[in-house]
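Inspection log for the structure reproduced underneath, given as structure tokens.
Atom set for the values below is all heavy atoms of this structure, side chains included, hydrogens, waters and symmetry mates excluded. Letters A, B, ... mirror the listed sequences (proteins, then strands); counts begin at 1.
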There are 2 protein chains.
Amino acid sequence: MNRYAHAKRMLVAIDCIIFGFDGEELDLLLIKRNFEPEKGNWSLMGGFLNEDEDLEDGAERILYDLTGLKNIYVEQIATFGKVDRDPVERTLSVVFFALINIKDHDQEAVKAHNAHWITLGKKPKLIFDHDIMVGRALEHLRYNAALHPLGFELLPEKFTIPQLQKLYEAIYDMKLDRRNFSRKILSTKLLIDTGEKDNNSTTKKANLFRLDKARYQQKFYSFWHFMPDPALPESL
Amino acid sequence: MNRYAHAKRMLVAIDCIIFGFDGEELDLLLIKRNFEPEKGNWSLMGGFLNEDEDLEDGAERILYDLTGLKNIYVEQIATFGKVDRDPVERTLSVVFFALINIKDHDQEAVKAHNAHWITLGKKPKLIFDHDIMVGRALEHLRYNAALHPLGFELLPEKFTIPQLQKLYEAIYDMKLDRRNFSRKILSTKLLIDTGEKDNNSTTKKANLFRLDKARYQQKFYSFWHFMPDPALPESL
DNA sequence: TGGTAATGTGTCAATTCGACACAATGTTTT
DNA sequence: AAAACATTGTGTCGAATTGACACATTACCA
């Protein structure tokens, strides 16, 4: 038990990288800090982990506090632990990333926190190691969006295939062939044609699709993905 | 600054999942604890993060302490933070996984820690949430071994293609076609034929290959992998 | 010296992929 | 009202990749 007695207790922060999609580019929800430390500079949304709170609950609390949203897509990415990463006091930061439909958030709550949606390409310099965190989050998004049907979290419930394509083009910063993309997406049988049309369009109105949620759950691990499903052995 | 004053400081542990490969199956290096808490039960190798120590340095210290090895493959997987995961006191655990060549470790150091190599299929029940950690580590290994040339970390410097195949079969718990596997691996141009033969064999001696390390670095992100390399934008 | 076991290499059909063309729809312009 | 324009839906075709399978080679052993 001596081990416990001699070990150092330290602060644990939670920082959230919040991705949205405005129809053309990926956006981040960032805070213009009106509090110390680093008042006046940009940072991720964050907070300290409470004594009686699980990590995931902490992340959800912080995200709810800023956006007013619950049940959004949240995933832990990594923990940052350099000794001097926070100049005030040694603080570990557990980083989460969240994908939200940019139309859904509570505008009042966002304004109250002095938060702003910023296009990824125009991201200002962030405090501490937050720039590295964003880089890691983007890498994570690129990895997982190719292997899992993650992208749908960033779109409204009903969306068109050209919208979905623009999203993937924004994530990977590349152009994709319209016809091949459509063929590949439809071959997953993950989309259901609602029969409705996108009336926002000024030219030919595209078909609106929605996710087949049951199939989505079932295919989470095999979408665009050639590995055996990571079924764990009985003993685990 | 008040935020800092009111936040709770807590213990931070590091736990390591150490994978090895015995030529037939995946193995884990586990501790039969001769210290409290949970004395007599099995656990992962771990320890507390020191005050003046980066996370990765802590993981390397703990791994060196147990195996006598440095410069091994180590990767952070996730942080576990359930409030009651450690019954003694609230403790976060940052989990790392390490891949080592099972022949290389320091036998004395391992014995001194009462550690043992256990075949994954015969893993005993572990303490706390360590079973879940092992599950997550295996999932991580399966993910990444398909996308990156990770497997080589588990093999000696010179290895044969049939050895490599057995490793992949152990990781994914499935049989692969010998001829197609060979074709796929060789098509990566990642292996260099040393010209030597494997003299351990009692039948036809297989060719010994080694990794083309330069190409390995270069191809880390495109090996068996169809996404664009995650090159980050200038701003990150 | 022939039998056995494991390795190295080749073939072939089915599928998938990437590049590309054309028809259909809805708006705007003349 | 018709022509021009922008965007969407669908099809084709050759090339590359994949999965299933066969055969020759090497080394040990009886």
Taking only N and O in the side chain of B:Asn207, is any of them less than 4.0 Å away from OP1 or OP2 of C:dG8?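 Yes, B:Asn207 has a side-chain N/O under 4.0 Å of OP1/OP2 on C:dG8.
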Short side-chain N/O contact from B:Lys205 to OP1 or OP2 of D:dC28, under 4.0 Å: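 Yes, such a contact exists.
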With distance as the sole criterion, do the side chain of [X] and the base of [N] form a donor-acceptor contact below 3.5 Å?
| X | N | answer |
| --- | --- | --- |
| A:Lys204 | D:dT7 | no |
| A:Arg179 | C:dA21 | yes |
| A:Arg183 | C:dG18 | yes |

Whole-Å distance separating the [atom1] atom of [X] from the [atom2] atom of [N]:
| X | N | atom1 | atom2 | value |
| --- | --- | --- | --- | --- |
| B:Ile161 | C:dG8 | CD1 | P | 6 Å |
| A:Lys184 | D:dT10 | NZ | P | 19 Å |
| A:Asn200 | C:dG26 | CG | P | 15 Å |
| A:Phe181 | C:dT16 | CZ | C1' | 17 Å |
| B:Asn180 | C:dT11 | CG | C1' | 12 Å |
| B:Asn199 | D:dT26 | CG | P | 16 Å |
| B:Ile185 | C:dT9 | CD1 | C1' | 16 Å |
| B:Lys197 | D:dA27 | NZ | P | 6 Å |

Using 30° and 60° as the class limits, which term best fits the ring planes of A:Phe97 and A:Tyr73: parallel, tilted or perpendicular? perpendicular
Salt bridge present between [X] and [Y] (N-O < 4.0 angstrom):
| X | Y | answer |
| --- | --- | --- |
| A:Lys70 | A:Glu60 | no |
| B:Lys123 | B:Asp131 | yes |
| A:Asp198 | A:Lys205 | no |

What residue among A:Leu44, A:Leu55, A:Ile18, A:Ile77 forms side-chain contact (heavy atoms from CB on, under 4.5 Å) with A:Phe96? A:Leu55
For A:Ser201 and B:Ser201, find the nucleotide of DNA chain D closest to each by heavy atoms; which residue's nucleotide sits nearer the 5' end? A:Ser201
Inter-end axis angle, the helix from C:dT1-D:dA30 to C:dT30-D:dA1, with every axis fitted to five base pairs (rounded, 10 degrees): 10°
Quick one, A:Glu169 with A:Lys175, criterion salt bridge (charged side-chain N to carboxylate O under 4.0 Å, His left out). Give me CA distance, side-chain angles, the key distance, then yes/no. CA-CA 6 Å; A:Glu169 290 180 336; A:Lys175 283 284 164 196; 3.6 Å; yes
5'-most contact on DNA chain C: A:Asp177 or B:Thr203, nearest heavy atom basis?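 In this pair, the answer is B:Thr203.
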Compute the centroid of each ring, for A:Tyr143 and then for B:His148, and state whether the two points are separated by less than 6.0 Å. yes
